[in-house]
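The structure under discussion appears below in the form of structure tokens.
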Amino acid sequence: MEDFNQTLPEVFYLLGLSTVPHIQVIGSLMFVVMYTIILAGNCLLLITVRMSPKLHTPMYFFLSNLSFIDICFSSTIVPVILRNTLSTDKSISVEGCMVQMLCYLGIGGAECLLLAVMAYDRFVAICRPLYYVSIMNTRFCIFLAIIPWILGFLNSSIQVHITWRLPFCKSHHINYFFCEVPPLLRLSCRDPWLNEISMYLAAGILVLCSFSLTLISYIYIIATILKMHSSSRYAVFSTCSSHLTVVTLYYGTIMSIYLQPRSYHSVEKDKFVSVLYTVVTPMFNPIIYSIRNKEVKTCIIQNLKQVIYPSA
């Protein structure tokens, strides 16, 4: 314990996406724009679902949860990026680093599992339509919404605990733009094999199991759709296409970070992929679900009309 305390610094220094000044300025502007879109788009989706009685269904309940998760997820990362980019002080306290890691791993794990829950909801709606109301009742929906948060933060608590048991004596400079696990492991002066095994196991259980459940759900969904009349197929599949797009974006980027061996990791590539799943995906989620969903678009227009023309 004494050696551990001696090798744990008071602060770390986040090197960010780049050390080139003009790239930092362009990057900051891009993050401000993307973060604004994330907040505006997801808040609009939350308000629309809340204000529209026709959207008070399990599908949109889970979509609201996804929007809330996206706001929280990006908010654990982007403000720190902007502060470190715009300020000459690139430091982050050990406690701040721990909290950030705990939050983004917990919220990221919750999103991963929620996407599988949303796929199950579509499976029940399309493959078991007569039992949909009885299966996806209010109590069960709340249970399915809470479980991802519990499991996500259980995993993040374990990862944070074992990561911060390592002695960091190689450097106090993290070559990344937030406190991510793989870059921190590179700073350890002890072989982090246990941490890597734990990370792969957690990623395998959370990501691969969630992805497998999603894949199985869509195999049944597609099989059911193919049995329908051709006139009905497009309408039914359109309710799933938005979710499939989000799933492909999210699971693809997560797997490339947490399921690759250390020898395949490239710092620059990992930074790019991390931007995709921490900022770009949360930005596109409300856009994808709004543009590709006729019900949501109609409700947004109706709500806007009520705000602009309240007496009409």
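What's counted below: heavy atoms across the whole structure, side chains too, no hydrogens, waters or symmetry copies.
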Verify ring-ring contact (aromatic ring centres under 6.0 Å, His included) between F178 and Y176, making sure each step is shown before the conclusion. CA-CA 6 Å; F178 66 97; Y176 225 65; 5.5 Å; yes

Could you give me the CA-CA distance, side-chain angles and deciding distance for Q302 and S52, then say whether side chain to side chain donor-acceptor pair (under 3.5 Å) is met? CA-CA 9 Å; Q302 288 176 350; S52 307; 5.9 Å; no

Under the criterion side chain to side chain contact (heavy atoms under 4.5 Å, CB included), I'd like the reasoning laid out for K54 against C299: C-alpha separation, chi angles, the key distance, then a yes or no. CA-CA 9 Å; K54 66 189 295 186; C299 289; 3.5 Å; yes

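Two residues are said to be in side-chain contact when any heavy atoms from C-beta on lie closer than 4.5 Å; V11 and V94 fail this criterion. Contact annotation: the side chain of N175 never approaches that of P183 to less than 4.5 Å [non-hydrogen atoms, C-beta and beyond]. Side-chain contact between L63 and M59 is absent, with no heavy-atom pair separated by less than 4.5 Å. Counting heavy atoms from C-beta outward, R83 and D89 have side chains that approach closer than 4.5 Å.
Note: Y120 and F123 have tilted aromatic rings, judged against thresholds of 30 and 60 degrees for the angle between ring planes. Note on ring orientation: taking the six-membered ring where Trp is involved, the planes of F177 and F31 are tilted (angle from 30° to 60°).
The line from OG of S74 to CD1 of I81 is 10.0 Å long, rounded to the nearest 0.5 Å. Here CG of L46 is found 5.0 Å from CD1 of I71. Values are rounded to the nearest 0.5 Å. Here SG of C179 is found 12.0 Å from CG of L102. Values are rounded to the nearest 0.5 Å.
Remark: aromatic rings of W164 and F12 are close, center separation under 6.0 Å.
No donor-acceptor distance shorter than 3.5 angstrom exists from the side chain of K90 to the backbone of L15, with no hydrogens or angles considered.
Just one of D70, V296, L66 meets the side chain to side chain contact (heavy atoms under 4.5 Å, CB included) condition when paired with L45; it is V296.
Every ring-ring contact (aromatic ring centres under 6.0 Å, His included) that Y13 has, sequence neighbours left out, goes to H173. Checked against side chain to side chain donor-acceptor pair (under 3.5 Å), T57 has no partners two or more places apart in sequence or in another chain. Every residue meeting the side chain to side chain contact (heavy atoms under 4.5 Å, CB included) condition with I197, not counting sequence neighbours, appears here in chain and number order: W193, L201.
Counting heavy atoms of neighbouring residues, nucleotides and ligands inside a 6.0 Å radius, atom OH of Y220 does not exceed 12 of them. Within 6.0 Å of OH in Y60 there are more than 12 heavy atoms belonging to other residues, nucleotides or ligands.
What you find for F61 and A145 is that their closest heavy atoms are CE2-CB, 3.7 Å.
Every pair tested for disulfide (SG to SG under 2.5 Å) that includes a residue from residues 42-76 fails, sequence neighbours excluded, so the list is empty. Counting only residues at least two apart or in different chains, side chain to side chain donor-acceptor pair (under 3.5 Å) contacts with residues 25-44 comprise Y35-S75, N42-S67. Pairs of residues two or more places apart, or lying in two chains, that qualify as side chain to side chain donor-acceptor pair (under 3.5 Å) and include a residue from residues 99-119 are Y104-E180.
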